[in-house]
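Notes to accompany the following structure.
Quick note on labels: first sequence line is chain A, next is B, and so on, each numbered from 1.
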Protein chains: 2
Amino acid sequence: MKNPIADLNKIFDSRIRLGVMSILIVNDNISFNDLKQMLELTDGNLASHLNTLEQAEFIQVHKGFIGRKTSTTYAITALGKQSFKAHLDALEKMIKKL
Amino acid sequence: MKNPIADLNKIFDSRIRLGVMSILIVNDNISFNDLKQMLELTDGNLASHLNTLEQAEFIQVHKGFIGRKTSTTYAITALGKQSFKAHLDALEKMIKKL
DNA sequence: TTATTTAACTTTGAAAAACAAAGCACTTTT
DNA sequence: AAAAGTGCTTTGTTTTTCAAAGTTAAATAA
């Protein structure tokens with residue numbers, strides 16, 4: 001039998017990062033604060049998970065302005081979309097024996 | 001918007017425990033060694049994850065014999081089955097926006 | 001104009017979790 | 001008798017998680 005977890009991406013073990021990705025895959029330009037409120041996290045915790053996702057090039061940061069006020073938003077990258085979908089596929093395959 | 005990760009079970013963050021559950025939900029009486037080989041883990045690592053699942057009462061250990069040789073097998077409990085399914089439902093809901 | 005608040009972080013440090021390696025008790029195989 | 005397998009536990013290191021506090025810069029309230 002083949003190892004059923006071999007195709008799961010370690011980065012998506014964390015339900016927080018899973019949550020971020022599932023939000024970003026349907027919403028572009030979500031702000032730090034939106035994510036923080038949706039996922040009910042502290043600043044530091046969210047920032048560090050966003051960092052992990054950014055290092056992996058699964059998300060991109062956009063620093064922009066609303067008027068003259070800075071506004072940071074996050075978006076999923078092509079690689080992120082692909083990796084996330086691959087992870088979901090692997091999950092599905094693992095479970096489809098049900 | 002409702003927190004999309006609130007219903008995910010923290011115990012199933014680990015892809016190893018996810019793997020164990022996905023094997024046990026379809027196979028009863030899987031041995032330590034079977035799991036170890038299927039998931040490609042060291043003894044210590046597997047044992048500690050099995051312990052976590054046992055503490056949570058998601059799996060049960062059966063110590064038996066094959067002939068006169070000891071044989072330990074693992075099985076999912078009703079609670080384990082229920083919790084695992086609830087987790088998968090939560091995952092599905094989180095992702096169904098796709 | 002001074003004070004407070006908000007956004008988006010970074011830094012720090014503690015606690016928890018993951019993991020490999022080695023040891024162990026017991027049994028079977030050679 | 002020696003080697004090997006099963007199912008662990010113990011030990012110790014590395015990694016990860018997380019909260020709290022500090023930071024910079026702008027916006028708003030007093």
Rounded to the Å, how far apart are [X] [atom1] and [N] [atom2]?
X	N	atom1	atom2	value
B/Phe32	D/dT9	CZ	C1'	11 Å
A/Ile30	C/dA7	CD1	P	15 Å
A/Leu46	C/dC9	CG	P	9 Å
B/Lys36	D/dG7	NZ	P	9 Å
A/Asp13	D/dT17	CG	P	8 Å

Looking at residues at least two apart in the chain, or sitting in another chain, which of them share a side-chain contact (heavy atoms from CB on, under 4.5 Å) with [X]?
X	result
B/Thr42	B/Asn45
A/Asp28	A/Ala75
A/Thr77	A/Gln60, A/Leu79
A/Glu40	B/Asn3

B/Asn29: side-chain hydrogen bond (donor to acceptor under 3.5 Å, both in side chains) partners, not counting sequence neighbours: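 Partners of B/Asn29 under the side-chain hydrogen bond (donor to acceptor under 3.5 Å, both in side chains) test: none.
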Among residues at least two apart in sequence or on other chains, which ones pass side-chain hydrogen bond (donor to acceptor under 3.5 Å, both in side chains) with B/Asp7?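 Partners of B/Asp7 under the side-chain hydrogen bond (donor to acceptor under 3.5 Å, both in side chains) test: B/Lys2.
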Under 4.0 Å between a side-chain N or O of [X] and OP1 or OP2 of [N]?
X	N	result
A/Lys63	C/dA8	no
A/Asn33	C/dT6	no
B/Tyr74	D/dT6	no

Neighbours of DNA chain D within residues 53-62 of chain B, by heavy-atom distance under 4.0 Å: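 Output list: empty, so none.
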Under 3.5 Å, side chain of A/Ser83 to main-chain N/O of A/Gly80, donor-acceptor pair present?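 Side chain of A/Ser83 to backbone of A/Gly80: no pair is present.
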Check whether B/Arg17 reaches the backbone of B/Leu53 with its side chain - one donor and one acceptor, N or O, closer than 3.5 Å.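 Checking the backbone N and O of B/Leu53 against the side chain of B/Arg17, no donor-acceptor pair under 3.5 Å is found.
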Could you list all N or O pairs between the protein and nucleotides 12-16 of chain C that sit under 3.5 Å apart?
none

Give every residue pair that meets the ring-ring contact (aromatic ring centres under 6.0 Å, His included) criterion with at least one member in residues 12-50 of chain B, sequence neighbours excluded.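 Output for this query lists B/Phe12-B/Phe58, B/Phe12-B/Phe84, B/Phe12-B/His87.
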The criterion is salt bridge (Lys or Arg N to Asp or Glu O under 4.0 Å); which residues satisfy it with B/Asp43, sequence neighbours excluded?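 Testing B/Asp43 for salt bridge (Lys or Arg N to Asp or Glu O under 4.0 Å), a comparison that skips the adjacent residues, returns B/Lys36.
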With B/Asp13, which residues qualify under salt bridge (Lys or Arg N to Asp or Glu O under 4.0 Å), at least two apart?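 With neighbours one apart ignored, the set is A/Arg15.
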Mind listing the N/O atom pairs, protein and nucleotides 17-24 of chain C, below 3.5 Å?
unit_1	atom_1	unit_2	atom_2	d
C/dA18	OP2	B/Arg17	NH1	3.2
C/dC19	OP2	B/His49	NE2	3.4
C/dC19	O5'	B/Asn45	OD1	3.4
C/dA20	OP2	B/Thr42	OG1	3.0

